[in-house]
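Here's the structure, in structure tokens; my notes come after.
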Amino acid sequence: MHNYDTLLAAITPQGGTTREVHDPATGALIGTAPVQDVAALDAVIDRAVAAQPGWAALGDEERRGYLHRAADAIEAAAEPLAELLSREQGKPLNGPNARFEVSACAIWLRTAADTPMPVEVLVDDGESYAEMHYRPIGVVGAITPWNWPMMIAIWQIAPSLRMGNAVVAKPAETTTLSGLALVAVMNEVLPAGVLNIVAGPGRTVGDALTKSPLVGKIMFTGSTGVGKRIIEASANNITRLTLELGGNDAGIVLPDVDPAAIAADLFWGAFINTGQTCAALKRLYVHDSVYEQVVEHLVAFAKDVPMGVGLDEQNVLGPLQNRGQYDIVHRLVESAKASGARVVLGGDPDHDAVGNFYPTTIVADIDPHNDLVVEEQFGPALPVIRYTDLDEVLGLANELEFGLGASVWSSDRDAARQIAARLQAGTVWINSHGGLHPMVPFGGAKQSGYGREFGVEGLKAVAEPQVVSG
Ligand code: NAD
């Protein structure tokens, strides 16, 4: 049974190149992470290739049992995992943050284990007979970002293992310890070589993983720019890809809402994980007739939500995970200010303070083409745009290259569903934003990526379909 110190000791490198890891909230040194190279990756891929046939041969029932035991192991180590995640990523223990993320890992594992995957009979008419099987691909590369470093890793790992693949995971550089800890805990119960991890730079180790002829599928979650590079890298081997890329989700508030009633859900849709969420609400369009009331209630709710060091139990918002992201948020808010937009909350960071804290920021009366609206801020700064005409706002919502999620806020569900049909997004939520369910497929339209995770579709995405006919 792990405590924080034994967990950290289990993942602390004993040699090789390392780098220091600092808490983004306090600057405190929390540990050292390995920095591995392409030679180390090659050895890890060989290990996965060697272990995969035995894992596949275990059969579905046995593998499902292993996934449940891995979920048990995560639950048994939940507190130390959450503490490490909080210290390295910055997200608080409480609220929809570190403890929530660790518990979601177990939930997604168990759902991947329990989702039925029967052989499909395609034709059986007396003359023809054909079945569809879903065979293992082989080795799956799992490349993750730094915002939800454990949960997103599980989204890639759990279905891949269930379908009989071995996995080589590559965590983000700034949240390496979280990835290593999760894998270490799971490997206490999984057979050796089935789940592997290599910690190194994206441009070398990540790139080599995507180009390896021994890797049949890449599950990638990260920026659209890197996603495009991975598409190019996949060409030589026709490597299968699931790409969960950037987002700039629009929310559209119709005139018939109750502004007080929706304020909390609007807030959490936008500010979950301090805005560092792919499918967070990143541009809020509010009808002129309710604009002032919606802004007023949103600000009234937002101003009291505590932000601070993650290990303090009362906090539910944290720092930006890294300084680069802080600089992006700062640049975009300054661009909004320079354009004459009205900052109704925040926007006044203390650059000399310890930690990457950017205050909860809401910007009203902003031009729909300001940088804060059209670029992905990935932080706690929400632009609220005024609109009067439905066709006009749909045009604005759909005009960007992204299409991950969107939301419609209305007391008329049918009207909202009709608007959903006109939005170019992989998910449209009604009267909420960003909620995910392990049985409901998730993924992007347009340049937010392709492929779907979760549910039956997610399992099929990490398998090779094979028709057996006759
Ligand atoms: P990123 O693209 O910079 O990095 C993601 C991962 O890719 C890291 O592990 C990195 O090391 C690796 N990488 C970098 N270059 C690579 C290369 N050439 N080949 C292979 N791997 C490489 O993204 P980030 O800054 O870590 O995350 C933020 C972005 O991720 C945002 O745009 C956000 O919207 C997006 N995101 C999307 C989803 C989703 O589900 N659609 C979820 C979370 C984050």
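Whatever order the structure lists ligands and atoms in, that order sets their numbers, starting from 1. Source: prediction; values computed, not measured.
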Partners meeting ring pair (Phe, Tyr, Trp, His ring centres under 6.0 Å) with Y450 (sequence neighbours left out): none
Donor-acceptor contact below 3.5 Å, side chain R162 vs main chain A113: yes
Is_contact(atom 21 (N) of ligand 1), protein non-hydrogen, under 4.0 Å: yes
State the atoms of ligand 1, each with its element, that fall below the 4.0 Å cut-off from a heavy-atom position in [X].
X	value
L404	41 (N)
P171	9 (O)
G246	32 (O), 34 (O)
D207	19 (N), 20 (C)
F442	40 (O)
E244	37 (C), 38 (C), 39 (C), 40 (O), 41 (N)
F378	28 (C), 31 (C), 33 (C), 34 (O)
G247	34 (O)

Verdict with reasoning, Q447 to T224, per side chain to side chain donor-acceptor pair (under 3.5 Å): CA-CA 7 Å; Q447 293 194 23; T224 296; 5.6 Å; no
Can you tell me how far apart [atom1] ([X]) and [atom2] ([Y]) are? Round to the nearest 0.5 Å.
X	Y	atom1	atom2	value
T175	N147	OG1	CG	8.0 Å
I30	L8	CD1	CG	7.5 Å
I143	L243	CD1	CG	9.5 Å

Heavy-atom nearest option to atom 29 (C) of ligand 1, drawn from C278, G200, G222, G227: G222
Ligand 1 contact by G225, heavy-atom criterion under 4.0 angstrom: no
Residue pairs passing the salt bridge (Lys or Arg N to Asp or Glu O under 4.0 Å) test where at least one lies in residues 209-232, sequence neighbours excluded: D207-K211
Is there any N or O on [X] that sits under 3.5 Å from an N or O of ligand 1?
X	result
E376	yes
W146	yes
K170	yes
T144	yes
K282	no
S448	no

Test of ring centre spacing under 6.0 Å for F301 and F267: yes
W155 and F442 aromatic ring geometry - parallel, tilted or perpendicular at 30°/60° bounds: perpendicular
For [atom], which protein heavy atom lies nearest, and how many Å away is it?
atom	value
atom 41 (N) of ligand 1	L245 O, 2.8 Å
atom 12 (C) of ligand 1	I143 CG2, 3.7 Å
atom 14 (C) of ligand 1	G202 CA, 3.6 Å
atom 44 (C) of ligand 1	N147 ND2, 3.5 Å
atom 27 (O) of ligand 1	P145 CB, 3.3 Å
atom 7 (O) of ligand 1	F220 CE1, 3.2 Å
atom 23 (O) of ligand 1	S223 N, 3.4 Å

Salt bridge present between E334 and R331 (N-O < 4.0 angstrom): no
Flag if over 12 foreign heavy atoms under 6.0 Å of CZ, R203: no
Neighbour count above 12 (heavy atom, 6.0 Å) for E375 CD: yes
Cation-pi geometry met for R323 and Y326 (6.0 Å, 45°): yes
L209 contact mode with ligand 1 (heavy-atom cut-off under 4.0 Å): neither
Contact check, side chains of Q321 and N356, non-hydrogen atoms, under 4.5 Å: no
Distance-minimising heavy-atom pair for G379 and V329: CA-CG2, 3.8 Å
